[in-house]
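Beneath this line is the structure, given in structure tokens, with notes to follow.
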Amino acid sequence: MPDPSIHAHPRPKVSLPEKQEANPLAPETVDGAYAELAVTSNFTFLTGASHPEEYMVKATELGLEAIAITDTNSLAGVVRAFSARKEMQREAKERGIEVRLPRLIVGARLVFDDSDVNWIALPTDRAAYQRLTRLLTIGKRRTGKGECLLHKNDLVEWGQGMVLIALPPRMGLNLKAALPELYHIARHFPGMTFLGAAPNYDGRDQRRFNLLAALARRAAIPMVAIGDVLMHLSRRRQLADVLTCLRLGLRIDEIGTNALINSERRLKGYEDMARLFRHHPGAIRRTLDIAGRCTFDLSELSYEYPDEITNGEDPQTRLERLTRIGLERRFPQGVPEDTIAKVDKELTLIKKMRFAAYFLTVHDIVEYARSQDILCQGRGSAANSVICYALGITEVGPDTISMVFERFISEARGEPPDIDVDFEHERREEVIQHIYEKYGRHRAGLCATVIHFRSRAAIREVGKVMGLSQDVLAALTGRMWGSSSRGRKWTSYGNRSQPDDKRLLLTSISSARSSVSPPPLPACGRLHHHQGPA
């Protein structure tokens, strides 16, 4: 049988970098330091050419003070970067070494329908992060799936507590057009508004920086250096151009001026950026000032359950009462002693971990569904809980399987339990509307989803960009099983059809460039699109 793992979604390997560039990996700081405040990952679909994990590893290698993952109207990519940083911390601890990891700054690139100026929004604390997520959710609810519609006034309403960096158009800079908007935002957020200066790498950057510095002086806001990064390594340029073609619906030979003019929009360290901004050193120093202000960390977030207080009865007391009622219903002839012991153990741990409200929320949703004759069934690790059985969430009795409650809740893990409940799909919407009605739309929401190309779709789309014929694409995709994200080695295709066709070779190269796990993951095979509320 095929290996089930081939259908798993591969993740880039996260490991501490072995080599050291100009800035050392040691904990001591260096005389020159830089924080990159504008990084686009592949969670900005068909734009970013590198994974958030790759950026975090490269930023560590470069010795950056901090790095901000700022995907377009989305916070999707920053979670992967956060996980990568935790993994590197764990590895460093296991190896007994000290490594100065860059701080991760949470942020987003806000694009408005009524402005040519983009804004990098970096929340400084948790309250500002909440406002940013609310702003993105509002924008996504206004329009269709996968889109976000924001207006300039939305930033005025929700931008409190954020560092805001204006990004004028990279080409055709119009000082007169940008100045009123800068005035407007700076007036509402004094001391928190900056003008971002990003190089174009076209030989005219010093003139551009001088123009931006003049604009910053007229708007009475500081200028700050940013890289406006699209890739972590220069060799991802080819992939970036393929993504551009996919986004614009072009073939690679039609890309023209839409192509990157060089490979410079990669993540850079202090030395490279200081050289670019040698006439504006204050723009480099301000990156550190901004990084110091942005103290919010994703580790501050945790589950916050509804109180579920009914008629003055606290959640733990109500849970214990409902459990007793449920056991009497499940065991009309008397509850076995070993089951009572398991229930006491579970209730003690639930009380210690303060998870009672969560159980009650799930119980109430299941009770509503059953009151409406909507079929539902709990599954997964919740089957290891006698309390879930007593509450009617699951139907697996304690005498049916050997219960391992620690698989469900573990004090060592410190994580909330995972209770999955399936509802019949024809009437699932009724349950969703009940949740909205009871808890309010501002407190309940569907999980965001991330889509990505799998192997067949990736090969097909990249092949179209390269101009391959339909029969060649059919031959390539036909050799792949199912819809997995892993395929056979490209060499197994090249010798069978048109071995001298450069387009076939370019398809394989462009596809493999996005691979960071064992080959041969095709192009865009793990590129993502954030959909739904932020």
Side-chain angles (χ1 to χ4, degrees), residues 34-41 44 47-48 55 64-73 105-112 115-124 132 150 152 155 159 162-175 177-186 188-202 204-230 264-268 270 272-294:
Y34 170 68
E36 180 53 66
L37 303 175
V39 173
T40 299
S41 79
T44 301
T47 300
Y55 282 124
L64 294 183
E65 188 72 20
I67 180 173
I69 303 297
T70 55
D71 285 305
T72 299
N73 293 340
I105 300 175
V106 177
R109 183 186 191 121
L110 304 179
V111 177
F112 302 101
S115 174
D116 291 330
V117 178
N118 295 171
W119 289 85
I120 298 293
L122 308 175
T124 58
L132 177 58
L150 294 173
K152 287 187 296 185
L155 184 59
M162 304 179 203
V163 171
L164 302 172
I165 304 175
L167 300 181
R170 298 184 66 89
M171 302 298 177
L173 178 61
N174 188 328
L175 300 183
L179 191 58
E181 184 171 345
L182 297 181
Y183 274 140
H184 183 60
I185 300 299
H188 284 88
F189 306 106
M192 302 293 284
T193 307
F194 296 81
L195 177 63
N200 283 337
Y201 308 105
D202 57 359
R204 295 175 291 181
D205 281 335
Q206 297 309 316
R207 179 176 180 274
R208 174 180 170 83
F209 294 159
N210 291 337
L211 289 174
L212 288 171
L215 176 61
R217 285 193 295 271
R218 292 180 62 184
I221 59 175
M223 185 177 80
V224 61
I226 61 171
D228 202 6
V229 176
L230 290 180
E264 292 301 316
R265 289 186 67 178
R266 67 183 188 276
L267 193 62
K268 290 183 170 68
Y270 167 76
D272 287 335
M273 295 302 292
R275 189 181 307 113
L276 286 167
F277 288 87
R278 57 188 177 275
H279 299 306
H280 302 276
I284 297 290
R285 290 193 298 270
R286 290 185 192 102
T287 66
L288 305 180
D289 174 56
I290 292 174
R293 297 192 199 185
C294 300

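Quick caveat: nothing in here was measured; it's all calculated off a predicted structure.
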Item to check | Partners passing salt bridge (Lys or Arg N to Asp or Glu O under 4.0 Å) against Arg208 (at least two apart in sequence or in another chain) | outcome: none
Next on the checklist: Heavy-atom count check: over 12 atoms from other residues, nucleotides or ligands less than 6.0 Å from Arg218 CZ?
Outcome noted: no
Item to check | Spacing of Ile290 atom CD1 and Ile105 atom CD1 [to the nearest 0.5 Å] | outcome: 8.5 Å
Checklist entry - Rounded to the nearest 0.5 Å, what separation is found between the CG atom of Asp71 and the CD1 atom of Ile69? => result 7.0 Å
Item to check | Qualifying residues under salt bridge (Lys or Arg N to Asp or Glu O under 4.0 Å), relative to Arg207, sequence neighbours excluded | outcome: none
Next on the checklist: Rounded at 0.5 Å granularity, tell me how far CE in Met192 sits from CG in Leu164.
Outcome noted: 7.0 Å
Next on the checklist: So which atom in Phe277 and which in Ala283 form the shortest heavy-atom distance, rounded to 0.1 Å?
Outcome noted: CD2-CB, 4.2 Å
Checklist entry - In chain order, what residues pass the salt bridge (Lys or Arg N to Asp or Glu O under 4.0 Å) check against Asp205, with sequence neighbours excluded? => result none
Checklist entry - Salt-bridged, Asp272 to Arg275, with N to O below 4.0 Å? => result yes
Next on the checklist: I'd like to know whether Val229 forms a side chain to side chain contact (heavy atoms under 4.5 Å, CB included) with Thr40, so could you lay out the CA-CA distance, the side-chain angles of the two residues, the decisive distance to 0.1 Å, and finally the verdict.
Outcome noted: CA-CA 6 Å; Val229 176; Thr40 299; over 6 Å; no
Checklist entry - CH2 of Trp119 to CG of Leu122: how many Å apart, nearest 0.5 Å? => result 12.0 Å
Checklist entry - What's the shortest heavy-atom distance between Met223 and Ala213, and which atoms? => result SD-N, 3.6 Å
Checklist outcome for this item: Residues Ala121 and Met162: closest non-hydrogen pair is CB-SD, 3.8 Å
Checklist entry - With sequence neighbours left out, what residues match Phe189 under ring pair (Phe, Tyr, Trp, His ring centres under 6.0 Å)? => result none
Next on the checklist: Test of understanding: with side chain to side chain donor-acceptor pair (under 3.5 Å), list the residues that count as partners of Thr70, not counting sequence neighbours.
Outcome noted: none
Item to check | Thr72 side-chain N/O to Thr44 backbone N/O, donor-acceptor pair under 3.5 Å | outcome: no
Item to check | Which residues share a ring pair (Phe, Tyr, Trp, His ring centres under 6.0 Å) with Phe194, sequence neighbours left out | outcome: none
Next on the checklist: Counting C-beta onward and ignoring hydrogens, is there a side-chain heavy-atom pair between Glu36 and Ile226 closer than 4.5 Å?
Outcome noted: yes
Checklist entry - Residues two or more places apart in sequence or in another chain: which of them pass side chain to side chain contact (heavy atoms under 4.5 Å, CB included) with Ala219? => result Leu179, Leu182, Ile221
Checklist entry - Can you name the salt bridge (Lys or Arg N to Asp or Glu O under 4.0 Å) partners of Asp202, sequence neighbours left out? => result Arg204
Next on the checklist: Going by side chain to side chain donor-acceptor pair (under 3.5 Å), name the residues that satisfy it together with Ser115, two or more places apart in sequence or in a different chain.
Outcome noted: Glu181
Checklist entry - How would you list, by chain and number, every residue that makes a side chain to side chain donor-acceptor pair (under 3.5 Å) with His184, sequence neighbours excluded? => result Arg187
Could you give the side-chain donor-acceptor pairs of residues 166-173 under 3.5 Å, partners two or more places apart or in another chain?
| unit_1 | atom_1 | unit_2 | atom_2 | d |
| --- | --- | --- | --- | --- |
| Arg170 | NE | Asn200 | OD1 | 3.3 |
| Arg170 | NH1 | Asp228 | OD2 | 2.7 |
| Arg170 | NH2 | Pro199 | O | 2.5 |
| Arg170 | NH2 | Asn200 | OD1 | 3.2 |

Item to check | Spatial distance of atom CG (Leu64) from atom CG (Leu288) [nearest 0.5 Å] | outcome: 10.0 Å
Checklist entry - Angle class for the Phe209/His280 ring planes (parallel below 30°, perpendicular above 60°, tilted otherwise)? => result perpendicular
Item to check | Residue pair Thr193 / Pro222: nearest heavy atoms and the distance that separates them | outcome: O-CD, 3.5 Å
Item to check | Nearest heavy-atom neighbours spanning Ala291 and Ala35 | outcome: CB-CB, 4.0 Å
Next on the checklist: I want to check something: taking the side chain as every heavy atom from C-beta on, are Val224 and Leu195 in contact at a cut-off of under 4.5 Å?
Outcome noted: no
Next on the checklist: Just to verify, what does Tyr201 make a side chain to side chain donor-acceptor pair (under 3.5 Å) with, not counting sequence neighbours?
Outcome noted: Lys268
Checklist outcome for this item: Ile120 and Ala38 have their tightest heavy-atom pair at CD1-CB, 4.2 Å
Next on the checklist: To the nearest 0.5 Å, what is the distance between CZ on Phe112 and CG on Leu155?
Outcome noted: 4.5 Å
Checklist entry - Can you tell which of Arg286, Arg285, Arg293 makes a salt bridge (charged side-chain N to carboxylate O under 4.0 Å, His left out) with Asp289? => result Arg293
